[in-house]
Amino acid sequence: MLEINKIRENKESIISLLKVRNKDFSQLIQDALSQDELRRKSQFTLDQELSEMNQISKKIGELFKEGKQEEAIVLKNKTVLLKESTKKLKEQLLSSEIAIKEILCQIPNVPNAIVPAGNSEEQNEVIQTFGKEPNLFDGAVPHWELAKKYNLIDFELGVKITGAGFPVYTGKGAQLQRALINFFLNEAISNNYQEVIPPLLVNADSGYATGQLPDKEGQMYFMQEDQLYLIPTAEVPITNIFRDVILNENDFPVKRVGYTPCFRREAGSYGKDVRGLNRLHQFDKVEIVQISHPEKSYAILDEMVAHVKALLEKLGLPSRVLKLCGGDLGFTACLTYDFEVFSAAQDKWLEVSSVSNFETYQSNRLKLRFKSKNEKNQLVHTLNGSALALPRIMAALLENNQTEKGITIPEVLVPYTGFNIISNVE
RNA sequence: AGAGAGGUGGCCGAGUGGUUUAAGGCGCACGCUUGGAAAGCGUGUUAGCGCGAAAGUGUUACGAGGGUUCGAAUCCCUUCCUCUCUACCA
């Protein structure tokens, strides 16, 4: 959520930066500002009247003590009108506060000035490409066929147990999956991230604080009975560790990493892109989260991008980095870099990571601040990124590393898997 | 899940309707004292919002939300959480 004070101070530049999202938010912003004016007026009058009330009450107490009942009663009568008036003012104050919040929830984060214009993913800007595309032998097949051939993933079994989008990993498929998770966690730990294992269900407060609610309500699985949401990403519970927290300046940088399964309803996304591991309802992901001093957040974003890049390089996957354009930028982000790996057998790019700076958009809701030495407490910047999402990495690994003899395991993973090839020979 | 006891500042802890302007203690910061330190003494030490150029000042918050009252940490209702015992279980 944007800060109303900042909107008041930088109205014009906020409106113009938001234009890159291909939508005009000037009306909403104007509405928020008028509500804000109303709010401040109400509060000013209310505070004055409450102050008067407090004084009268104090006096009544004193009069009773001195036994001056009659004078006290006169004063009591005087409060009747005041009381009515404060009640109305309180309602007005509350309703403008609610109105402001409602409006602010509809306004996405202000894109960074370097976010390119564009209204679809085609206009995302490729900023670097690395890794070598493999030369596959004749007869190379997509990962869903490999999964079947080598008994790595059983999609039909998942359908029986749960439904589409809930695959069962078996044998070496399961072992490879676990190896990847451990590899990603260890790489993060060696970059000074602290590991956490958070809850997989969160309450509505947490959903609101990181911005999944109300924006993506329909995308999360919801448990009616206990009013809990299954997490769509570890970002939610990990970032919410810091809800209502005031950090000290020397706590920075805060770096957390967590592996969790992620659950997404993916309502409305059916068709060609959902084949195999490309889009699932349940998938594994290792997520990195940083909480940063406002002045350092863009340097930290670069650091996180470098971290993700190194993972893909170590796995030897042909990849590229995109800077998302305004039309593809998430609701809560200022700047996002996506990583895609090239899936040779499908001949397409698959998104495996998204690294974003949210500046104060989340911390405003989280009420996550830090004590700075001489100034007033101020909001921190939050950032997060996938490092990495498993299914498409698995897909790309299987497809790109297939040989006539079997699927070779990247060297860095061998200590984790305990085998260096998946073949049918055994 | 059933019964009971609780939830007060950074921490401990007093407070059952009116100087609570939240006692007292611990911790922390600064100052005095000292050759230096400790002790001692003094001062300060929550957050949000509003008004103000600033100094400052008003208001709100005692788990959360409602209610009673001129006035609520204190009384009433709802709800969340913690602890103890019982039950169940991994």
Side-chain angles (χ1 to χ4, degrees), chain A residues 1-9 32-104 197-209 213 222-229 237 240-251 254 291 360-380:
Chain A
M1 196 162 68
L2 295 179
E3 299 156 78
I4 190 72
N5 291 341
K6 291 230 172 116
I7 295 180
R8 215 188 297 148
E9 288 159 23
L33 287 175
S34 356
Q35 284 294 338
D36 181 51
E37 204 164 310
L38 188 62
R39 172 188 68 102
R40 285 182 298 154
K41 258 185 205 151
S42 312
Q43 170 149 18
F44 184 73
T45 324
L46 176 63
D47 282 357
Q48 279 184 327
E49 294 190 3
L50 284 175
S51 170
E52 205 176 322
M53 271 296 249
N54 287 342
Q55 280 171 26
I56 293 175
S57 295
K58 208 176 266 177
K59 213 171 267 171
I60 291 175
E62 283 163 22
L63 289 173
F64 269 121
K65 234 180 214 168
E66 293 163 18
K68 297 175 180 166
Q69 311 270 342
E70 283 148 40
E71 284 178 53
I73 286 165
V74 173
L75 275 182
K76 247 194 212 185
N77 293 335
K78 207 173 154 190
T79 61
V80 175
L81 279 179
L82 263 180
K83 216 184 174 186
E84 258 172 54
S85 158
T86 55
K87 199 180 166 190
K88 264 184 211 153
L89 282 166
K90 270 182 199 166
E91 279 162 12
Q92 202 175 92
L93 179 64
L94 190 70
S95 85
S96 47
E97 276 170 354
I98 291 171
I100 291 169
K101 211 176 234 177
E102 226 165 69
I103 296 167
L104 291 182
I197 302 179
L200 306 183
L201 288 105
V202 295
N203 57 32
D205 284 347
S206 295
Y208 275 103
L213 291 173
F222 180 58
M223 183 150 305
Q224 183 68 40
E225 184 130 23
D226 297 296
Q227 302 279 301
L228 296 172
Y229 296 84
N240 271 280
I241 290 172
F242 300 95
R243 173 148 50 88
D244 289 317
V245 167
I246 300 176
L247 295 166
N248 290 313
E249 209 159 348
N250 55 19
D251 290 332
V254 176
I291 291 165
T360 60
Y361 199 85
Q362 292 184 325
S363 61
N364 188 29
R365 291 257 195 103
L366 289 158
K367 298 201 191 79
L368 169 51
R369 291 154 290 171
F370 75 98
K371 249 181 220 310
S372 62
K373 284 199 182 79
N374 299 314
E375 293 164 75
K376 202 173 128 165
N377 296 342
Q378 53 176 310
L379 295 171
V380 304

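Values below: all heavy atoms of this structure, side chains included; hydrogens, waters and symmetry mates excluded. In what follows, every chain begins at residue 1, and chains take the letters A, B, ... in the order their sequences are listed.
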Can you tell me the pairing partner of B:G42 across any strand shown, Watson-Crick or G-U wobble, with both distances under 3.5 angstrom? B:C30

Strictly by Watson-Crick or wobble contacts shorter than 3.5 Å, is anything paired with B:G17, and which nucleotide is it? none

RNA chain B contacts made by residues 85-98 of chain A, counting heavy atoms under 4.0 Å: none

Pick the P atom in B:U68 and in B:A73, then give their distance to the nearest Å. 16 Å

Whole-Å distance separating the CZ atom of A:F64 from the P atom of B:C70: 10 Å

Between CG of A:N248 and C1' of B:G10 the distance, given in whole Å, is 11 Å

Please give, in whole Å, the distance from B:C49 C1' to A:R8 CZ? 11 Å

Are A:E37 and A:K41 side-chain neighbours, meaning at least one heavy-atom pair lies under 4.5 Å? yes

Ignoring hydrogens and geometry, is there a side-chain-to-backbone donor-acceptor pair from A:N364 to A:M1 under 3.5 Å? yes

Watson-Crick or G-U wobble partner of B:U59, both distances under 3.5 Å: B:G48

A:T79 vs A:N5, nearer the 5' end of RNA chain B by closest nucleotide: A:N5

When both distances are under 3.5 Å in a Watson-Crick or G-U wobble arrangement, the nucleotide paired with B:A37 is none

Pair assignment for B:U68, Watson-Crick or G-U wobble, requiring both distances under 3.5 Å: none

What closest approach, in Å, do A:V254 and A:D251 show between heavy atoms, and which atom pair accounts for it? CG2-O, 3.7 Å

I'd like the P distance from B:A37 over to B:C30, given in whole Å. 12 Å

How far, in whole Å, is B:A54 from B:U60 if one measures between their P atoms? 23 Å

Considering only the P atoms, how many Å lie between B:A55 and B:U20, rounded to the nearest integer? 29 Å

Can a side-chain donor-acceptor contact be found between A:E49 and A:S85 if the only test is distance below 3.5 angstrom? yes

Any side-chain heavy atom of A:E3 sitting closer than 4.5 Å to one from A:T360? yes

Might you work through the side chain to side chain donor-acceptor pair (under 3.5 Å) test for A:R243 and A:S206, ending with a clear yes or no? CA-CA 8 Å; A:R243 173 148 50 88; A:S206 295; 2.9 Å; yes

Quote, to the nearest angstrom, the C1' distance that separates B:U86 from B:G9. 36 Å

Please determine, for the side chain of A:F44, which listed nucleotide (B:C51, B:C70, B:A47) has the closest atom? B:C51

What's the shortest heavy-atom distance between A:L89 and A:S42, and which atoms? CD2-O, 4.1 Å

For nucleotides B:G13 and B:G65, find the distance between their P atoms and express it as a whole number of Å. 25 Å

Given 3.5 Å as the limit, does a donor-acceptor pair link the side chain of A:S363 with the main chain of A:V380, or not? yes

Between A:Q43 and A:K83, which is nearer to the 5' end of RNA chain B once each is assigned its nearest nucleotide? A:Q43

For B:A1, which nucleotide is its Watson-Crick or G-U wobble mate, given both distances must be under 3.5 Å? B:U86

Are OP1 or OP2 of B:C49 and a side-chain N or O of A:R40 less than 4.0 angstrom apart? no

Base-pairing assignment for B:A22 (Watson-Crick or G-U wobble, both under 3.5 Å): none

Minimum heavy-atom distance A:V202-A:P237, with the two atoms named: CG1-CB, 4.2 Å

Can you figure out which of B:G50, B:G58, B:C70 approaches the side chain of A:D47 most closely? B:G58

How far, in whole Å, is B:U16 from B:G27 if one measures between their P atoms? 28 Å

Hey, is the main chain of A:F44 close enough, under 3.5 Å, to the side chain of A:D47 for a donor-acceptor pair? no

When you compare B:G15 with B:A22, how far apart are their C1' atoms, in angstrom units rounded to a whole number? 8 Å

Has A:K371 got a side-chain N or O lying under 4.0 Å from the OP1 or OP2 atom of B:A47? yes

Per the under-4.0 Å heavy-atom filter, residues of residues 48-58 of chain A near RNA chain B come out as A:L50, A:S51, A:N54, A:S57

With a 4.0 Å limit, can you tell me whether A:N77 has a side-chain N or O closer than that to the phosphate oxygens OP1/OP2 of B:C70? no

Any-strand Watson-Crick or G-U partner of B:G7, both distances under 3.5 Å: B:C80

Just wondering, do A:L94 and A:E97 contact through their side chains at under 4.5 Å, heavy atoms? yes

